[in-house]
Amino acid sequence: MDYAESRETTEGRVYHVSGGDWDDVLSDADHDERMVINMGPQHPSTHGVLRLVLELEGETVTQLRSVIGYLHTGIEKNTEYRTWTQGVTFVTRMDYLSPLFNELGYCLAVEKLLRVEVPKRAQLIRVLLCEINRIGSHLVYIATGGMELGATTAMTLGFREREEVLHLLEYLTGLRMNHAFIRPGGVAQDLPTDAHAKISEFVKVMDKRLPLYDKLFTGQPIWRNRLKGVGYLPVDACLALGVTGPVLRSAGLPWDLRKVEPYSSYDEFEFDIPTSTEADCWARYLCRVEEMHQSLRIIKQVLKRLDEPGPVMVEDKKIAWPAQLSISSDGMGNSLEHVRKIMGQSMESLIHHFKLVTEGFKVPPGQVYAPVESPRGELGFHVVSDGGTRPWRVHVREPSFVNLQSMPAMSEGGLVADVIAAVASIDPVMGGVDR
């Protein structure tokens with residue numbers, strides 16, 4: 001083409017045209033049905049700041065590439081410049097829809113290096129918080145996935161129920177999101193005195209409202225037809241790509257770390273692992289809805305055991321970052337009683353408190369891998385210590401990042417509209433992908 005300048009890019013040849021040249025370019029391209037378009041990163045249906053480069057022939061996707069990195073925060077690197085306890089405040093911000101799982105995985109790795117066992121009550125509180133968080137995360141999947149496919153009622157209902165989750169988590173931990181409540185050695189403090197009643201009320205509300213989703217979606221022919229047979233990914237493809245979580249279980253493999261490699265007392269609870277053999281978007285939806293019911297089942301079992309008193313942090317005062325502290329009247333600092341005690345009665349306590357908070361505790365050298373079952377799959381922390389008060393290296397096996405590899409396999413050969421359903425069914429969180 002001598003009438004228009006062009007350059008080669010990763011998406012193909014790009015022409016620079018103006019004025020009357022445009023008609024000439026169009027006529028020359030008549031024989032070529034191929035079209036390259038960007039979907040995202042500012043797109044209401046890409047589940048966050050995800051960019052998808054689609055090559056189309058008509059409405060059919062012939063090639064798909066995921067472009068990530070628009071939300072990069074350098075969290076893994078940042079943990080190397082903070083104490084082991086301060087690292088919790090960074091990792092909790094990766095997958096911001098399930099922050100408590102990030103905290104738990106990181107703390108399990110640190111505790112593995114320290115060779116300490118968390119008190120039973122702290123383990124129960126961790127399970128309780130994670131299962132409440134799992135329900136909240138799946139509700140966002142339904143809300144955002146429904147909205148992306150045109151079901152705006154899903155958005156209003158899903159976020160209405162998620163508010164119940166966030167209100168409860170705020171009451172139990174002090175924050176709606178990014179709690180930094182699970183810490184190496186246990187949890188920040190015990191639950192409030194009337195936590196049992198608040199959690200019981202939450203369970204009652206969710207038991208009543210979850211069946212609404214079956215009415216609105218499961219039995220809805222438009223929703224079913226929109227998801228059935230779309231985004232197919234069989235179990236062998238899942239295993240080849242390292243896909244875990246509801247996407248893998250919807251293909252027929254009941255792989256759930258809470259069952260196969262139990263942690264934090266999960267082996268003491270009765271619950272089922274929902275599976276399917278359909279391996280499509282519809283099966284993933286059904287698996288997640290059933291997982292919310294199973295999470296409620298676990299929460300009810302935890303409630304029966306919460307009356308047993310006990311410590312929520314390891315006894316070793318060289319590790320136990322100040323826990324069980326009363327909160328001041330401003331809702332932030334420590335209470336006057338605690339300040340009076342460490343400043344007025346014991347100089348040693350004050351020195352110890354100061355050094356533990358500012359320098360942190362030392363962790364024996366070594367490297368460990370600690371996985372947990374997050375709402376999106378296997379969330380694993382590979383943590384390396386050189387014996388100091390900070391991590392030498394923290395690398396996260398993030399399920400959103402790994403599962404996103406399946407996008408081309410799910411979408412190529414399908415329609416553009418089905419790309420949206422496939423992305424929603426993976427339920428990636430870009431904070432976790434880019435971290």
Asks: Between Met407 and Val419, is any pair of side-chain heavy atoms under 4.5 Å apart?
Replies: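 In short, these two side chains touch, coming nearer than 4.5 Å.
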Asks: Taking the side chain as every heavy atom from C-beta outward, state whether Val187 and Thr173 have any pair of such atoms under 4.5 Å apart.
Replies: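 Counting from C-beta outward, Val187 and Thr173 never come under 4.5 Å.
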Asks: Looking only at non-hydrogen atoms, find the nearest pair between Glu278 and Ala283 and report the distance.
Replies: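 Closest approach of Glu278 to Ala283: CB-CB, 3.7 Å.
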Asks: Under 3.5 Å, is there a donor-acceptor pair between the side chain of Glu111 and the main chain of Gly185?
Replies: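 Answer holds: yes.
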Asks: Under 3.5 Å, side-chain donor or acceptor atoms of residues 227-246 against the rest of the protein: list the pairs with distances, not counting sequence neighbours.
Replies:
from   : atom 1 : to     : atom 2 : distance (Å)
Thr244 : OG1    : Glu378 : N      : 2.9

Asks: Taking atom CD as the centre, does Glu270 end up with more than 12 heavy-atom neighbours from other residues, nucleotides or ligands that are less than 6.0 angstrom away?
Replies: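 No.
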Asks: Can you tell me how far CG of Asp95 sits from CG of Asn102, rounded to the nearest 0.5 angstrom?
Replies: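 That separation rounds to 5.5 Å.
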Asks: If you draw the axis of the six-membered ring of Phe90, does the NZ or CZ of Lys77 fall within 45° of it and under 6.0 Å from the ring centre?
Replies: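 The answer is no; the distance or angle limit is not met.
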Asks: Are Arg226 and Asp418 close enough, and set up right, to give a salt bridge (charged side-chain N to carboxylate O under 4.0 Å, His left out), and what steps lead you there?
Replies: CA-CA 8 Å; Arg226 193 70 180 79; Asp418 294 340; 3.5 Å; yes
Asks: Given side chain to side chain contact (heavy atoms under 4.5 Å, CB included), test Tyr106 with Val372 step by step and report yes or no.
Replies: CA-CA 9 Å; Tyr106 172 79; Val372 298; over 6 Å; no
Asks: Tell me the closest heavy-atom pair linking Val118 and Gly186, and the distance in Å.
Replies: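 Minimum heavy-atom contact is CG1-CA, 3.9 Å.
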Asks: Heavy atoms only: give me the nearest Ile142-Val289 pair and the separation to one decimal.
Replies: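 Looks like CD1-CG2, 4.0 Å.
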Asks: Using distance alone, with no hydrogens and no angle criterion, decide if Tyr285 and Thr218 have a side-chain donor and acceptor under 3.5 Å apart.
Replies: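 The criterion, which ignores hydrogens and geometry beyond distance, is satisfied for Thr218 and Tyr285.
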Asks: Within the distance-only criterion (no hydrogens, no angle test), does the side chain of Glu373 pair as donor or acceptor with the backbone N or O of Leu257 below 3.5 angstrom?
Replies: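 Yes, because the side chain of Glu373 sits within donor-acceptor range (under 3.5 Å) of the backbone of Leu257.
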Asks: Testing the basics here: between Pro371 and Tyr263, what is the closest heavy-atom pair and its distance to 0.1 Å?
Replies: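 So the two residues come closest at O-CD2, 4.1 Å.
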Asks: Just wondering, more than 12 heavy atoms not from Phe401 lying within 6.0 Å of its CZ?
Replies: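 Open: at most 12 neighbouring heavy atoms sit under 6.0 Å from CZ of Phe401.
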Asks: Backbone N or O of Tyr369 within a donor-acceptor pair of the His382 side chain at under 3.5 Å?
Replies: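 Side chain of His382 to backbone of Tyr369, a donor-acceptor pair under 3.5 Å: no, none is there.
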Asks: Between Asn38 and Arg51, is a side chain to side chain contact (heavy atoms under 4.5 Å, CB included) present by the stated rule, with each step listed?
Replies: CA-CA 7 Å; Asn38 277 305; Arg51 177 184 171 207; 2.8 Å; yes
Asks: Give the intermediate values and the outcome of salt bridge (charged side-chain N to carboxylate O under 4.0 Å, His left out) for residues Arg209 and Glu164.
Replies: CA-CA 11 Å; Arg209 290 188 183 174; Glu164 299 287 346; 3.4 Å; yes
Asks: Hey, is CD1 on Ile37 packed in by over 12 heavy atoms from elsewhere, all under 6.0 Å?
Replies: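 Enclosed: over 12 neighbouring heavy atoms sit under 6.0 Å from CD1 of Ile37.
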Asks: Counting heavy atoms not belonging to Glu117, are there more than 12 under 6.0 Å from its CD?
Replies: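 At most 12 heavy atoms, drawn from other residues, nucleotides or ligands, come within 6.0 Å of this atom.
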Asks: Roughly how far, to the nearest 0.5 Å, is the CG atom of Leu104 from the CD atom of Gln123?
Replies: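 One finds 10.0 Å between CD of Gln123 and CG of Leu104.
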Asks: When you measure from the side chain of Arg284 to the backbone of Ala279, do you find a donor-acceptor pair of N or O atoms at a distance under 3.5 Å?
Replies: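 Answer holds: yes.
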Asks: So, the side chain of Ser385 versus the backbone of Pro364: is there a donor-acceptor pair under 3.5 Å, distance only?
Replies: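 Yes: the side chain of Ser385 pairs with the backbone of Pro364.
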Asks: State, with a plain yes or no, whether a side-chain heavy atom of Asp427 is found less than 4.5 Å away from one of Arg288.
Replies: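 Sidechains of Arg288 and Asp427: in contact.
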Asks: Should Glu163 and Arg176 count as an ion pair when the cut-off is N to O under 4.0 Å?
Replies: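 So Glu163 pairs with Arg176 through a salt bridge.
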Asks: Looking at Arg134, is its backbone amide N or carbonyl O close enough to the side chain of Ser137 to form a donor-acceptor pair, meaning the two atoms are under 3.5 Å apart?
Replies: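 Flag not set: sc Ser137 to bb Arg134 has no pair under 3.5 Å.
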Asks: From His293 NE2 over to Asp214 CG, what is the distance, rounded to the nearest 0.5 angstrom?
Replies: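 His293 atom NE2 to Asp214 atom CG measures 5.5 Å (nearest 0.5 Å).
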Asks: Leu64 vs Val53, test: side chain to side chain contact (heavy atoms under 4.5 Å, CB included). Steps then yes/no.
Replies: CA-CA 6 Å; Leu64 180 146; Val53 179; over 6 Å; no
Asks: Go through Leu379 and Arg397 one step at a time and tell me if the side chain to side chain contact (heavy atoms under 4.5 Å, CB included) criterion holds.
Replies: CA-CA 6 Å; Leu379 171 65; Arg397 191 254 183 226; over 6 Å; no
Asks: Check whether any side-chain N or O of Arg249 sits under 3.5 Å from a backbone N or O of Trp255 as a donor-acceptor pair, and report yes or no.
Replies: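 Pair found, side chain donor or acceptor close to backbone of Trp255.
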Asks: Which atom names give the shortest non-hydrogen contact between Arg82 and Gly87, and what distance separates them?
Replies: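 Smallest heavy-atom distance, with atoms named: CB-N, 4.4 Å.
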Asks: Looking at side-chain heavy atoms only, is the closest gap between Trp84 and Lys362 below 4.5 Å?
Replies: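 They are not in side-chain contact.
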Asks: Nearest 0.5 Å, what's the CG-CZ distance between Leu303 and Phe202?
Replies: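 Interatomic distance, Leu303 CG to Phe202 CZ, rounded to 0.5 Å: 10.5 Å.
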Asks: Would you say Phe381 and Val110 make side-chain contact, with heavy atoms under 4.5 Å?
Replies: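 No, side chains not in contact.
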Asks: Can you tell if the side chain of Ile182 reaches within under 4.5 Å of the side chain of Val88, non-hydrogen atoms only?
Replies: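 No, every pair of side-chain atoms sits at 4.5 Å or beyond.
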Asks: Donor-acceptor pair, Arg121 side chain versus Leu306 backbone, under 3.5 Å?
Replies: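 It does hold such a pair.
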Asks: Can you find a side-chain donor-acceptor pair between Glu161 and Tyr213 that sits under 3.5 Å?
Replies: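 Side chains of Glu161 and Tyr213: pair found under 3.5 Å.
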Asks: Can you tell me if Tyr70 and Gln42 form a side-chain donor-acceptor pair at under 3.5 Å?
Replies: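 No, because no side-chain N or O of Tyr70 sits under 3.5 Å from a partner of the opposite role on Gln42.
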Asks: Taking side-chain hydrogen bond (donor to acceptor under 3.5 Å, both in side chains) as the definition, give me every residue that meets it alongside Ser406, ordered by chain and number, with sequence neighbours left out.
Replies: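 For Ser406 there are no side-chain hydrogen bond (donor to acceptor under 3.5 Å, both in side chains) partners, ignoring immediate neighbours.
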Asks: Got a donor-acceptor contact below 3.5 angstrom from the Lys198 side chain to the Leu168 backbone?
Replies: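 Flag not set: sc Lys198 to bb Leu168 has no pair under 3.5 Å.
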Asks: For a ring-ring contact (aromatic ring centres under 6.0 Å, His included) with Phe217, tell me which candidate from Trp223, Trp282, Tyr141 qualifies.
Replies: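 Only one option passes, and that is Trp223.
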Asks: Using distance alone, with no hydrogens and no angle criterion, decide if Arg126 and Ser265 have a side-chain donor and acceptor under 3.5 Å apart.
Replies: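 Side-chain D/A pair, Arg126 to Ser265: absent.
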Asks: May I ask you to check whether over 12 heavy atoms, not counting those of Glu170, lie within 6.0 Å of atom CD?
Replies: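 Yes, CD of Glu170 has more than 12 neighbouring heavy atoms, counting only those of other groups under 6.0 Å.
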Asks: Mind checking whether Leu191 and Leu128 have side chains closer than 4.5 Å, heavy atoms only?
Replies: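 Leu191 vs Leu128: side chains touch.
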Asks: Looking at every non-hydrogen atom in both residues, tell me the closest pair between Ser400 and Pro428 and how far apart they are.
Replies: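 So the two residues come closest at OG-CA, 3.7 Å.
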Asks: What distance do Glu291 atom CD and Ile135 atom CD1 have between them, rounded to the nearest 0.5 Å?
Replies: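 Output value for this atom pair is 11.0 Å.
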Asks: Enter the distance from Ile132:CD1 to Ile299:CD1 here, rounded to the nearest 0.5 Å.
Replies: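 Ile132 CD1 to Ile299 CD1: 5.0 Å, rounded to 0.5 Å.
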Asks: With no hydrogens and no angle check, is any side-chain donor or acceptor of Asp272 less than 3.5 Å from a backbone partner on Pro274?
Replies: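 Not confirmed, Asp272 side chain does not pair with Pro274 backbone.
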Asks: Are Glu103 and His179 linked by a side-chain donor-acceptor pair shorter than 3.5 Å?
Replies: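 Glu103 vs His179: no donor-acceptor pair found between side chains.
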Asks: Would you mind reporting whether Leu50 and Leu404 have side-chain heavy atoms less than 4.5 Å apart?
Replies: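 Counting from C-beta outward, Leu404 and Leu50 do come under 4.5 Å.
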